[in-house]
Every structure is written in structure tokens, then in C-alpha cells.
Amino acid sequence: MTAKRPQRKTAKRPRQKTAKKPQQAPEAAAPEPAAVKSERQLTIPRSLTVRQLADLVGLSAVDVIKQLMRNGIMASINQAIDYETAAVVASELGYEAVEEQPAAGRAVSAQKPKRYQRFREEDTTGQKPRPSVVTIMGHVDHGKTSLLDAIRKTKVTATEVGEITQHIGAYQVKVHGQKITFLDTPGHEAFTAMRARGAQVTDIAILVVAADDGVMPQTIEAIDHARAADVPIVVAINKIDKPDANVQRVKQQLSDVEVLCEDWGGDVVCVPVSAKKKEGISDLLENLLIVAELEELKATPDRRAVGVVIEAKLDKTKGPLATVLIQSGTLKVGDPFVVGDTWGKVKAMFDDNVKHLKRAGPAMPAEVLGFNDVPQAGDTLAVTTGEKEARTLVQKRQEEKRLAALAPRRSLSLSEVYSQIRDGQVKELNIILKTDVQGSIEPIKTSLERLSIDEVKVNILHSGSGSITEGDVLLALASRGIIIGFNTRPEPGAKQLAEAEEVDIRCYEVIYNLVDDVEKALKGMLEPTYVEVVEGHAEVRAIFPVAKRGKAAGVYVTDGKVSRGAQARIMRNGEVIFESSVASLKRFKDDVREVAAGFECGVGIEDFSEFEVGDIIEFYRREKQ
């Protein structure tokens with residue numbers, strides 16, 4: 001093996017380790033949790049349900065379930081978890097966990113509790129080395145899929161519309177007797193969208209940079225997204241066969257964004273390749289094997305399978321199909337499973353060459369047939385003991401989903417920063433910064449990073465110029481960060497996604513206001529912001545005099561409702577001419593509190609009487625964000 005052995009990145013945050021699983025599981029009937037010994041110390045039994053743990057830490061069960069999901073465990077509200085798992089959650093919430101000692105003579109069952117295993121398991125019993133999972137990312141048209149073609153010796157690119165990847169593909173290749181699983185994605189946004197859904201599937205990221213084009217905006221975005229996922233990067237400098245290729249210029253550009261190649265004094269593996277001429281491919285693969293060896297990737301094949309849906313579709317003849325990447329255990333034909341809000345039974349499996357499979361082990365992708373409905377990308381697939389358990393779990397998940405919809409927001413907002421710093425829940429404020437021009441980034445970035453205090457570090461996770469995109473929202477969601485825009489606005493799709501996922505977007509036109517707000521948030525002095533919630537609209541169809549008030553409007557409520565005391569704005573020919581509040585509201589001669597759509601009523605607006613037939617009145621309220 002001629003490749004240079006890469007060193008582990010010093011700046012890389014260590015992966016969060018999961019608690020070691022005990023060799024002997026708790027008894028079937030979990031005891032009631034013990035009382036808290038001191039203010040920040042919890043006495044936790046060997047086994048307890050998620051609901052009991054939630055009661056112990058004083059949070060809702062939904063919040064505890066989310067914390068478990070962040071650690072790779074899918075658990076229902078009544079599911080039993082062991083002490084080590086509960087201790088990890090308690091520790092992350094700022095508590096010191098103490099194990100409750102069982103009473104003398106208490107019988108302990110040898111049966112382990114039913115729970116989903118983490119991808120990176122700490123219990124080494126039965127573990128074996130597994131293939132690495134590699135995601136290929138980079139700027140559009142820099143040769144990501146062509147590189148995979150060269151690795152697989154296939155012609156995938158020719159089958160893509162416009163020769164640009166339109167979906168996620170999962171393939172497995174064998175190198176020197178060892179397997180590597182490749183995920184070919186449409187870009188870093190798909191990579192981050194899966195992380196936002198709690199699916200951390202990638203072990204290594206290949207960053208493809210064209211030698212003739214150099215580092216481009218999407219290259220920088222891919223670097224930031226890979227760093228946010230905390231995965232090692234291997235750079236493939238592609239298209240070295242082109243006359244204007246300049247490998248050293250690319251390495252210089254990479255160093256400018258703090259990606260230092262080994263021969264530039266750094267620890268990032270950079271391999272010059274030509275996907276077109278199949279040059280440097282073996283060197284790249286050997287380096288991938290070395291990096292995977294350093295990562296010490298292992299999994300337990302002899303257990304019920306857990307995997308992640310990479311992509312899914314509805315086939316006209318076969319029905320729902322999904323490409324599943326097995327993370328732990330072995331998936332076999334005939335296995336019942338749950339995935340997201342649906343369940344199924346494996347009827348058939350196929351590899352990337354459409355050959356039938358009887359079983360699929362850790363880090364192996366397989367196209368699975370047998371879903372009752374089409375799952376979503378990023379959903380976790382877990383094999384159950386039988387179809388009855390699968391149906392029961394799906395019902396519980398649907399109930400949890402309903403509860404989650406009623407729960408408080410999961411994303412961080414700027415106004416919540418101080419309270420979460422005080423509670424010890426936030427140690428790093430992740431910011432995605434977007435500006436109108438590139439020149440504004442550095443001064444804002446420098447000003448914000450200077451605001452770091454002992455309790456929390458301000459981390460500019462990604463910065464760039466242009467409008468705020470859906471990719472920015474996904475990155476904020478995956479990293480629990482906030483988005484700050486300077487002289488730029490979110491795209492319509494990004495705004496809708498941010499509202500749906502409750503990601504905080506703050507837009508500014510003055511740099512001092514931007515920096516001041518972040519500083520106030522860190523110090524707990526930020527004033528709350530308010531958003532407008534439109535309640536309804538009405539059209540003015542008549543005008544009549546009112547004693548002592550001038551004039552009132554006879555209106556028809558076109559949508560929503562009209563409430564007495566609501567804020568109102570009068571619009572004429574599409575322009576707002578006056579804003580005030582509803583002073584009076586009547587149906588016939590009776591005062592009423594509200595009037596619904598489809599009814600007529602009389603409306604008096606505070607300090608306004610210059611109505612005209614055809615005016616539109618918009619009714620709204622202001623809510624604290």
C-alpha cells in the first residue's frame with residue numbers, strides 16, 4: 001500500500017460516545033424511579049421507561065425521546081431503557097447520574113430489554129469490522145458521479161437526465177478484498193437533509209474539486225456541511241487531465257478555507273485523479289481504506305437489523321420500494337419491520353446490480369420490497385419480533401408524532417439563547433451567515449466571533465453571499481443553529497421550510513444592529529420579537545354613519561374571521577392606507593365578539609372613517625416569537 005497514512009484532524013470534535021451496554025439486562029418489570037438525591041444528582045434504576053426518565057428530569061416525554069434520537073436510539077414513550085442509556089441523557093441535560101442498587105434477593109431476568117441499537121455501538125460483544133460508508137460531495141459538474149463511474153467501472157452518468165444526479169444512489173465496491181459503500185447524492189443539501197431527520201449515515205466524505213475550476217461556492221458549502229456532520233474529509237482533485245488543470249492552485253484555495261492538504265502541512269488527504277482517464281483511482285481507494293481503518297468502524301451482524309432509508313419510491317408494478325442502508329444487524333427476507341409511520345415485511349431484496357439478496361449485513365445497501373407505504377428518506381428501519389409488534393410500534397409512533405406537533409419548538413431561536421446557556425443546554429451558538437455581497441462576510445464574521453464568552457462560543461458554521469436557501473435552513477435544523485441574513489432575504493421555499501421546522505431567521509440591514517442583537521442574546525437582554533398572524537379578510541360593501549364615531553363599514557368576511565380588538569389594516573388598490581384596531585363589531589344591532597367567514601357585519605375602526613366601497617380590511621394579531 002503506497003498511500004500515506006493520514007493523521008487524525010486535531011480540530012475535529014470527538015464523536016460522542018454512547019454508554020456501554022451491560023451484559024445482563026434488567027428485570028422485565030421496571031421499578032419506579034427513585035427520588036432525586038440532590039439538586040443536580042439523579043438516582044436512576046437499572047431499567048426504567050422513557051416516561052419515567054422524563055418525570056425524573058422534569059421534561060416532557062417528547063423532549064426525552066428527541067434526546068434519545070440525537071444519540072441514535074429510537075424509543076417509544078413506554079419502552080424500557082437501561083441505566084447507561086438513561087445516564088447519557090441525564091448527563092447531557094446537566095445531571096449527575098447515580099445507579100440505584102437493587103434490593104437484596106431481587107431476581108434479575110436474563111432477557112435484554114427491547115431497544116434499537118446505535119450505529120456506533122459501544123458494547124463490543126459480537127462486533128466485527130464493517131465496511132465504511134462514503135458520501136461523495138462537491139460543486140455541480142465537478143465530476144462526482146463520473147468519479148463513482150470510474151470506481152464502479154459503470155456508466156451511471158449517461159443514464160442521468162442532463163448527466164446530473166437527480167437522486168441518491170447507494171453502491172458497494174470491493175477494494176483489495178475489503179468493501180466500501182458509496183452514497184452518490186445530488187449534493188450537500190440531501191446529505192444534510194438526512195442529518196436533519198436524525199440519520200447520521202456517513203463515515204467519510206469525499207470532496208470532489210475540479211482541477212480546472214477550483215474551489216467554488218458549493219465546494220465551500222459541502223466542506224461546511226461535512227464539518228458540521230463531524231466526518232473526516234478526503235479531497236479528490238478531479239480533471240487533472242485537462243490542459244488548464246492546476247492542482248497547486250486548488251490546494252491553495254483549499255487552504256484559504258482551512259482545508260490543509262498533507263503536503264501543505266495539514267492532515268487532509270488530497271488525491272489528484274482523472275475520472276475520465278481512470279487515473280489516481282486506486283490511490284484514492286487505498287487512502288479511503290486507511291482513513292476507514294483509523295476510524296475503527298465496527299458493528300454487530302448477529303442481531304435484528306436497524307437501517308436508514310436512503311431513498312424511496314412507488315414502483316408502478318412492484319409497489320413501494322426503498323433503498324435501505326443497514327447500520328447494525330442483518331436484514332433477511334421475511335423479517336417484519338417498522339419504518340417511520342409505517343411497517344412491512346421483507347418480501348425481496350436486491351443489490352445495486354439488481355441481483356436478489358437473501359440477507360444484507362452492516363453498511364450494506366439493499367433495495368427492499370415489502371413496505372405498506374412509501375417511507376421518507378432518513379426514516380429508521382428496525383426489525384421487530386413479529387407483525388403484531390410492528391403494528392403496535394407504528395400506532396405508538398403516530399401518537400408520539402401527534403404529541404410532538406403539540407410540543408414546544410425543537411430548534412433554537414436567538415431569543416432563547418440566554419435561557420439555554422443558563423441551563424447549561426447550549427455550549428456553542430451555531431450561526432449560518434448569509435450576506436448580499438462577499439465583502440460583508442469577513443467583518444461580520446469577525447465581530448460575531450469576538451462575542452464568544454466563557455459559557456458559550458459563537459461558531460460561524462457556514463457563511464456565503466446570496467439569498468437564504470433551503471440548504472441553509474436544513475443545515476440550521478441539523479446543527480440546531482440560527483440563520484442571520486445581512487441585506488438579503490430568504491427564498492420562498494426556504495421561508496416555508498423555516499416556518500414548518502421553526503428555524504429562526506433574522507434579517508438585518510445595519511451591521512451594528514446585527515451584532516448588538518447577538519450580544520444581547522448572549523447576555524439575556526434581547527427584547528422579544530413579534531410576528532404577525534393574519535386572522536382574516538373582509539371586503540367593504542357599504543358605508544353608514546355612526547353617532548360620535550363618524551362612519552362604520554358594512555363588510556363581508558371573505559376568509560378567516562373578524563375579532564373585536566384585533567389589529568386591522570385598510571388596503572385600497574393593493575396599498576395599505578391606514579393601520580389601527582377594531583373598535584366595534586356588530587351583527588345587525590347586536591355587539592358580537594367575532595364573525596366568521598361567509599357572514600356580513602358592521603366594523604368600526606379606531607380613528608378611521610374614510611372608507612370606500614371595495615376596500616379590503618386585513619385583520620391580524622401580533623404574537624411573541
Notebook entry, point to check: What do the steps show when you test F486 against Y508 for ring pair (Phe, Tyr, Trp, His ring centres under 6.0 Å), and what is the final call?
Noted result: CA-CA 5 Å; F486 180 69; Y508 299 88; 8.5 Å; no

Worked check of side-chain contact (heavy atoms from CB on, under 4.5 Å) between D517 and N513: CA-CA 6 Å; D517 270 9; N513 293 342; 5.7 Å; no

| message | Determine whether E491 and S467 satisfy the following criterion, side chain to side chain donor-acceptor pair (under 3.5 Å), listing intermediate values before the conclusion. | response | CA-CA 6 Å; E491 295 176 355; S467 57; 2.9 Å; yes

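Under a 3.5 Å cut-off, the side chain of R564 and the backbone N or O of V582 do not form any donor-acceptor pair. Under a 3.5 Å cut-off, the side chain of T435 and the backbone N or O of V437 do form a donor-acceptor pair. T219 places a side-chain N or O within 3.5 Å of a backbone atom of M216 that can act as its donor or acceptor partner. A donor-acceptor pair under 3.5 Å is formed between the side chain of H142 and the backbone N or O of A210. A distance-only check finds no donor-acceptor pair linking the side chain of D436 to the backbone of T488 [under 3.5 Å].
With values rounded to the nearest 0.5 angstrom, S255 atom OG is found 5.0 Å from W264 atom CH2.
Proximity of V235 to I233: side-chain heavy atoms (C-beta onward) are separated by under 4.5 Å at one or more points. Residues V515 and V518 form no side-chain contact, since every pair of their non-hydrogen atoms from C-beta on lies 4.5 Å or further apart. F599 places none of its side-chain heavy atoms less than 4.5 Å from the side chain of V562.
The residue from L260, L207, V268 that alone fulfils the side-chain contact (heavy atoms from CB on, under 4.5 Å) condition with L254 is L207.
The neighbour count for E258 CD, taken as heavy atoms of other residues, nucleotides or ligands under 6.0 Å away, does not exceed 12. Enclosure of atom CZ in R489 is not indicated, since only 12 or fewer non-hydrogen atoms of other residues, nucleotides or ligands lie within 6.0 angstrom.
For the pair R569 and Y620, the distance from NZ or CZ to the six-membered ring centre is under 6.0 Å and the angle to the ring normal is within 45 degrees.
Using a 4.0 Å cut-off between charged side-chain N and carboxylate O, E612 and R572 make a salt bridge.
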